Amino acid sequence: MTLSARDVFWGTSGRMIVDGVTLEAAPGKILGLIGPNGSGKSSLLRLLCRLRNVSSGVVELDGRDIGQVSRRELARRLAFVEQQATTEIQLCVCDVVRLGRTPHRSALASWSAADEQAVDAALARVGMSERHDQLWHTLSGGERQRVHIARALAQTPSELILDEPTNHLDIQHQLSILTLVRRLGVTCIVALHDLNLAALFCDEIALLHEGRLVASGTPETVLTEETIRRVFGVAVRIGATASGRRHIEYLVDPDCYGEAAP
Amino acid sequence: MSHHPVQPNWPARIGIAVAALAAPVFAIALAVTIGEMRIPLATAFQALGNGLFDLGYPVSAIQQGVIFDYRLSRALLAGLCGGALALSGAILQALLRNPLAEPYILGISAGASTGAVAVMILGFGGAALTVSGGAFLGSVAALLIVALLAAGAGGASDRVILAGVAGSQLFNAATATIVTTLASAEQARGVMFWLLGNFGGVRWPDVFVATPVALAGFAICMLHAKALDAFAFGADAAASLGVAVTRVRVVLFAVTAVMTATMVSIVGTIGFVGLVIPHAARFLVGPGHARLLPVCLVIGAIFMILADILSRILVPQQILPIGVVTALVGAPAFAIILYRARRPA
Ligand SMILES: Nc1ncnc2c1ncn2[C@@H]1O[C@H](COP(=O)(O)OP(=O)(O)OP(=O)(O)O)[C@@H](O)[C@H]1O
Ligand SMILES: [Mg+2]
């Protein structure tokens, strides 16, 4: 038992955005969070790392209410990669990754060899070592995403929360980031849009719709033709990959290809 | 800041620290010797010895007075003021994530002017309240109004800035109303001079107030240097890196406000330094606050001391308002820095 949410509610301006969600990330496993745009994935993730306080319910880390844990202590265990975060400041790649050491350093501590090692290891893991000194604002969208992930890894977390980490990534890097997360062996909660990636990489999946949890469990139990049609409003056919994982084929109206199509 | 040696290079660090301390001392030595009354450096040091340690060198009473009571206190205060304003600007630019943020953005100078004018023209507070005291009260009042407005608007960076603009406009309007309806021509000139900054009336008691404020402010800011770095990607990113965002914001807004209000109440509103020195410092040492903040303090101090010397000698027989000099000298200097640090689009 590591990170869990019990009966969590959160809303603003009179609207419930996270509406009574209960879920638990098993230690060392990947929990995928899926759901349509605006279903409350990012909001729920912000509650899980206490960037917002729950209106009611409780988020627990190892059985402790995270409302009672100091920010610094939390940040040594739990790292968060936002859906999008950028800066106008002239930072280079290593400066950004170094920020990940913040919770491990006291106010007056100087930069240590262990810090440097964590930064180098994190950069190597996302394949950005050669970009060490490149300026942030000259990076492509996908490169920025990988630097953010490296920053999170430099925090040496045991829980990792990722909000659409494969956004902006080409297919090779989508696969390599998710493979990397699997190999890390940390407890991970990850919001994903690509249902096939979720099926491939997640041990469990939670499906959100309008702030409510509508299904959770293994990819096989959550990703059904009926549920996907009901929540996302698209017709699909569920097959299997060579490795026995679920594969989702989207069915589109054949007319859209026009008369000339075969 | 792109390459940190893991082993700190102590000889280099000590060398830099010595240079950083020696440069303002040199600027102060310049400020003490240059002026309408030419005083040789040796005499200046003798006067210092007399003033500080009662050494009894034969220095004429006039020279002794000019050096010790007038020029030295003035130069020290200029240094403290320049350092504190540059430091405040750097902190606010980081907290508000806005390169245009500067120490007066939260309405402090506008409030100070209203307070000063209320004392000078309305006779507010009678004999009990000096112009400086009125300015300090005015800046605190403005800051509280802006803080309330900003908190009411949700506290996001852009709201804080808008609240500051609104508060500043309100207090500037109040100042303008008082000056245009009630001030004599003579008073209006005095107000004008005060608004553009003036080291003329500075004496030792002012230095004794400004020194602890600037140094304590600097120490507190340095303790938060790493937290300030973490604000690069916004408040949420800082929080997820373990920074107690609300506490850091409140502490640092308060520290910059006290530093700025203290300086403004002693010498009036001196523009440009708090906005531009932090950028110049960033071009020199990069954005990491552990280096940026001390560099801002030193460059701000040197810049202000030199600007004050210029304000005394640029026009013979006259003293230019210091705010005019900081902008006249600073703007071209900054243009050169911008040009040299330009990056391809
Ligand atoms: N601070 C806020 N104030 C008002 N509404 C908000 C706030 N934060 C989120 N919302 C609303 O809550 C809903 C859920 O937002 P959230 O960002 O959690 O969705 P999401 O599932 O991450 O969507 P996406 O897939 O597009 O990233 C949206 O309709 C959004 O407009
Ligand atoms: Mg989202």
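Just so it is clear: chains get the letters A, B, ... in the order the sequence lines come, proteins before strands, and each one is counted from 1. In this text, all values refer to a predicted model and were calculated from it rather than measured experimentally.
Heavy-atom distances place the side chain of B/R97, and not its backbone, under 4.5 Å from chain A. A/R76 does not touch chain B: none of its heavy atoms, backbone or side chain, sits under 4.5 Å away. Heavy atoms closer than 4.5 Å to chain B are found nowhere in A/H104, neither backbone nor side chain. The contact between A/S106 and chain B is made entirely by backbone atoms, counting heavy-atom distances below 4.5 Å.
With sequence neighbours excluded, no residue forms a salt bridge (Lys or Arg N to Asp or Glu O under 4.0 Å) with A/E210. Shown here are the side-chain contact (heavy atoms from CB on, under 4.5 Å) partners of B/A151, two or more places apart in sequence or in another chain: there are none.
With hydrogens and angles disregarded, no donor-acceptor distance shorter than 3.5 Å links the side chain of A/D19 to the backbone of A/M16. Judged purely by atom type and a 3.5 angstrom limit, A/R144 uses its side chain to pair as donor or acceptor with the backbone of A/H137. Checking side-chain atoms of A/R101 against main-chain N and O of A/A154 turns up a donor-acceptor pair under 3.5 Å.
The distance from the OG atom of B/S88 to the OH atom of B/Y104 is 9.0 Å, given to the nearest 0.5 Å.
In the displayed structure, B/R159 atom CZ is contacted under 6.0 Å by at most 12 heavy atoms of other residues, nucleotides or ligands. In the displayed structure, A/R182 atom CZ is contacted under 6.0 Å by more than 12 heavy atoms of other residues, nucleotides or ligands. Other residues, nucleotides and ligands contribute over 12 non-hydrogen atoms within 6.0 Å of the CD atom of A/Q83.
Here the shortest heavy-atom pairing between B/C296 and B/A281 reads SG-CB, 3.8 Å. Of all the heavy atoms in B/A86 and B/G300, the pair that sits closest is CB-CA, 4.0 Å.
Below 4.5 Å, heavy atoms of chain B meet no heavy atom from residues 160-170 of chain A. Chain B is approached within less than 4.5 Å, heavy atom to heavy atom, by A/R46, A/L51, A/R52 from residues 39-55 of chain A, ordered by number.
The choice from A/E73, A/R151, A/R72 that makes the most heavy-atom pairs within less than 4.5 Å of chain B is A/R72. Between chain A and the options B/K226, B/H224, B/M222, heavy-atom pairs under 4.5 Å are most frequent for B/K226. Note on A/T86, A/L108, A/L74: by heavy-atom pairs under 4.5 Å with chain B, the leading option is A/T86. Residue with the most contacts toward chain A among B/A244, B/A237, B/A232: B/A232 (heavy-atom pairs, distance under 4.5 Å).
Looking only at side-chain heavy atoms (C-beta outward), A/H173 and A/Q145 stay at 4.5 Å or farther from each other. Side-chain contact between A/M128 and A/L139 is present, with at least one heavy-atom pair separated by less than 4.5 Å.
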